[in-house]
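Right, one structure below, let's go through it.
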Amino acid sequence: MDELVALSKRRGFIFQSSDIYGGLQGIYDYGPLGVELKNNLKAAWWRAMVYERDDVEGLDAAIITNPKTLRYSGHEATFSDPLVDCRTCKARWRADHLKGDQCPACGSKDLTEPRPFNLMFRTAIGPVDDGSSFAYLRPETAQAIFTNFKNVLDSTSRRPPFGIAQIGKAFRNEITPRNFIFRVREFEQMELEFFVPAGEDEAWHKLWVEERLNWWEAQGVPRDRLELYYVPEADLSHYSKATVDVMYRFPHGLEELEGIANRTDFDLGSHSKNQSELHLAAKVMENVDSNTRLAVQDLETKAWQVPYVIEPSAGVDRGVLAVMNEAYRVEKLENGNERVVMGFKPHLAPIKVAVMPLKRNHEGIVNKALAVKQSLQRLGLGRILFENSGNIGKGYRRHDEVGTPLCVTVDFQTVDEDDTVTVRDRDTMAQERIAVAELPAYVKERLQA
Ligand code: ATP
């Protein structure tokens, strides 16, 4: 973990937020390379969930949420962790994270009884801050998918089985944020709510677990590095009938990367009016505020049915950490030196190709390199970097360390002789000469392989 944290700062993946003012605990910023990696991971998820399927629609809903949404969803009452205070040193801990009955900071056994601490952030709405008009920052992106269920249904004519996908920020006032970007207070989620007819939920649940394992594998997190954890009934969230956690061996231990829950008809039922007519399986609070039935009407019998929902919910930040951890390797070279390589899958690499002129002041070479950069940038594969440091060896090392799959060097032979460039492979370090005219097709094929 220390090496990942150091590399993240050194190369510009992830920084402590508000660092110049001493930081803010559990809050991080993504730097020039981090934003590319994170965007690439989110794009890969969106491609798999929305574009490559024919039964999922997208959504991008607001973060600031009407308190009623989070009252009826059950979050006001139950979205809490057990908090204990150390009376000796005043540190606060999550009771279920303590080992034994001692304060991990000072060793004192003088701890308070655990009490529920709600994890939702509140904020005042409008200019009057007297506590009467407040909203929550959403603790999960899911709720806005449920409250928009009818909007999506009516505007797309979908019928279950179908899903709504969303990527966005979520906020939890974690008692003890820790382990770099693993447990933070502001993070991003990639959530799919997949609506299915009651009775088909268990089969779909199994299917989604398989789909998600395959997806992680395609991001460079192999199946044998993941474990499935079937959450025991006593530990299930208030909305869940069954939850399978995808556990990954993070540098600090085996922990949840993604949760795949069977949320039954709880959420749509909770947010619906006239619940007694809906024959809900889930126990929900009586809703006196909703003006809508979040249900589907059977065209023949006219009966209202509330779909069940299967929810694969993955953390973007935990995903970035897992992908970086899998990609990181240190290799011994033949000359006795070491090199650090981030072996990202090409579609996730922050920089796809670095184009480097052999001589930084040679106008012909520099201009040619710029032209090569532009021609590759137009392919739309992601960021192509023009790197004019004049030191090719250093450039290779830097790009190994940030995971750039290909480096292209423009030299005297390019401009004086045959219009070919050297293409150097990150993983094998092999170099070959490719004609500039063939370079775009070559790069495209290499990066999409
Ligand atoms: P944990 O038990 O680790 O607190 P959770 O079970 O509360 O997580 P879920 O409510 O299932 O998490 O949220 C779905 C996903 O959102 C998680 O699998 C995780 O990837 C991500 N996530 C949740 N809380 C955080 C957090 N504080 N920081 C970063 N990612 C988070």
Side-chain angles (χ1 to χ4, degrees), residues 1 14 17 24-30 34 38 41-42 45 63 70 73-75 78-83 93-97 116-121 137-143 145-146 165-193 205 208-209 212-213 215-216 219 221 226-232 234-263 266-267 309-325:
M1 186 72 106
I14 299 157
S17 193
L24 202 47
Q25 219 200 339
I27 314 277
Y28 286 90
D29 297 335
Y30 286 79
K38 195 182 188 202
L41 189 68
K42 291 191 283 184
W45 187 89
I63 287 167
L70 292 153
S73 70
H75 285 81
T78 62
F79 196 65
S80 51
D81 280 336
L83 173 74
W93 306 99
R94 236 175 94 167
D96 56 330
H97 282 174
F117 172 76
N118 196 294
L119 299 179
M120 289 197 291
F121 281 97
L137 304 189
R138 63 185 179 194
E140 59 176 17
T141 75
Q143 288 309 317
I145 297 184
F146 301 128
Q166 178 169 224
I167 300 176
K169 291 263 180 171
F171 300 82
R172 297 183 187 180
N173 198 2
E174 297 279 354
I175 296 168
T176 43
R178 56 184 163 175
N179 298 321
F180 197 30
I181 52 170
F182 175 81
R183 184 175 303 286
V184 285
R185 291 183 168 135
E186 171 174 343
F187 56 101
E188 273 188 277
Q189 293 183 312
M190 308 182 278
E191 294 196 302
L192 172 72
E193 306 303 322
H205 195 186
W208 274 113
V209 172
R212 297 304 303 144
L213 290 172
W215 185 82
W216 282 113
Q219 312 318 310
V221 185
L226 297 169
E227 276 179 34
L228 294 180
Y229 174 68
Y230 293 82
V231 178
D235 297 340
L236 289 174
S237 304
H238 60 281
Y239 50 71
S240 173
K241 159 176 158 182
T243 297
V244 182
D245 286 343
V246 177
M247 310 288 282
Y248 170 71
R249 207 163 290 287
F250 286 97
H252 63 278
L254 184 69
E255 294 226 48
E256 177 179 334
L257 171 63
E258 168 162 358
I260 305 166
N262 181 343
R263 294 181 77 132
F266 179 88
D267 297 275
V309 62
I310 306 300
E311 175 198 67
S313 169
V316 177
D317 311 79
R318 288 185 189 181
V320 167
L321 186 55
V323 163
M324 287 185 76
N325 188 45

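Indexing begins at 1, ligand by ligand and atom by atom, following the structure's order.
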Check your understanding: Side chains of Asp29 and Ser17: is there a donor and an acceptor less than 3.5 Å apart?
Key -> yes
Check your understanding: Any N or O on Leu257 sitting closer than 3.5 Å to an N or O of ligand 1?
Key -> yes
Check your understanding: Among protein heavy atoms, which lies nearest atom 19 (C) of ligand 1, and at what distance?
Key -> Arg318 NH1, 3.5 Å
Exercise for review: Evaluate the side-chain proximity of Val309 to Phe146: yes if any heavy-atom separation is below 4.5 Å, no if none is.
Suggested key: yes
Point to revise | atom 21 (C) of ligand 1 - nearest protein heavy atom and its distance | key: Gly315 CA, 3.7 Å
Exercise for review: Can you figure out which of Tyr248, Phe187, Phe79, Phe182 has its heavy atom closest to atom 22 (N) of ligand 1?
Suggested key: Phe187
Point to revise | ligand 1 versus Arg183: contacting region, heavy-atom distance under 4.0 Å | key: both
Revision key, fill the gap. Closest to atom 7 (O) of ligand 1 among protein heavy atoms sits Arg172 NH1, 3.0 Å
Check your understanding: Is the distance between the ring centroids of Phe250 and Tyr248 less than 6.0 Å?
Key -> yes
Study note, to complete from the structure: atom 16 (O) of ligand 1 has as its nearest protein heavy atom Gln189 NE2, 3.2 Å
Check your understanding: Taking N or O atoms only and a 3.5 Å limit, does Glu174 qualify as a polar contact for ligand 1?
Key -> yes
**Study point:** Polar side chain donor-acceptor pair, Arg178 to His97, under 3.5 angstrom
**Key:** yes
Exercise for review: Considering the heavy atoms of Glu258, write down every atom of ligand 1 situated less than 4.0 Å from one of them.
Suggested key: 18 (O)
Review point. Do the ring centers of Phe187 and Tyr28 come within less than 6.0 Å of each other?
Key: no
Point to revise | Mutual orientation of the aromatic rings belonging to His75 and Phe79 [parallel < 30°, tilted 30-60°, perpendicular > 60°] | key: tilted
Practice item. Classify the contact between Val184 and ligand 1 as side chain, backbone, both or neither, using a heavy-atom distance cut-off of under 4.0 Å. Key: both
Point to revise | Donor on one side chain, acceptor on other, Trp216 and Glu258, under 3.5 Å | key: yes
Point to revise | Donor-acceptor pair between Tyr230 and Asp245 side chains, under 3.5 angstrom | key: no
Check your understanding: Ile167 and Glu188: side chain to side chain contact (heavy atoms under 4.5 Å, CB included), yes or no, with the steps?
Key -> CA-CA 7 Å; Ile167 300 176; Glu188 273 188 277; 4.0 Å; yes
Practice item. Give yes if a backbone or side-chain nitrogen or oxygen of Ile181 is under 3.5 Å from a nitrogen or oxygen of ligand 1, and no if not. Key: no
Check your understanding: If we only count heavy atoms from C-beta on, is the His238 to Arg263 side-chain gap below 4.5 Å?
Key -> no
Review point. Any idea which atoms of ligand 1 are less than 4.0 Å away from a heavy-atom of Gly259?
Key: 18 (O)
Check your understanding: For ligand 1, is there an N or O atom under 3.5 Å from any N or O atom of Asp317?
Key -> no
Practice item. Among all protein heavy atoms, pick the one closest to atom 14 (C) of ligand 1 and tell me residue, atom and distance. Key: Ser313 OG, 3.0 Å
Check your understanding: atom 6 (O) of ligand 1: which protein heavy atom is closest, and how many Å away?
Key -> Glu256 OE1, 3.1 Å
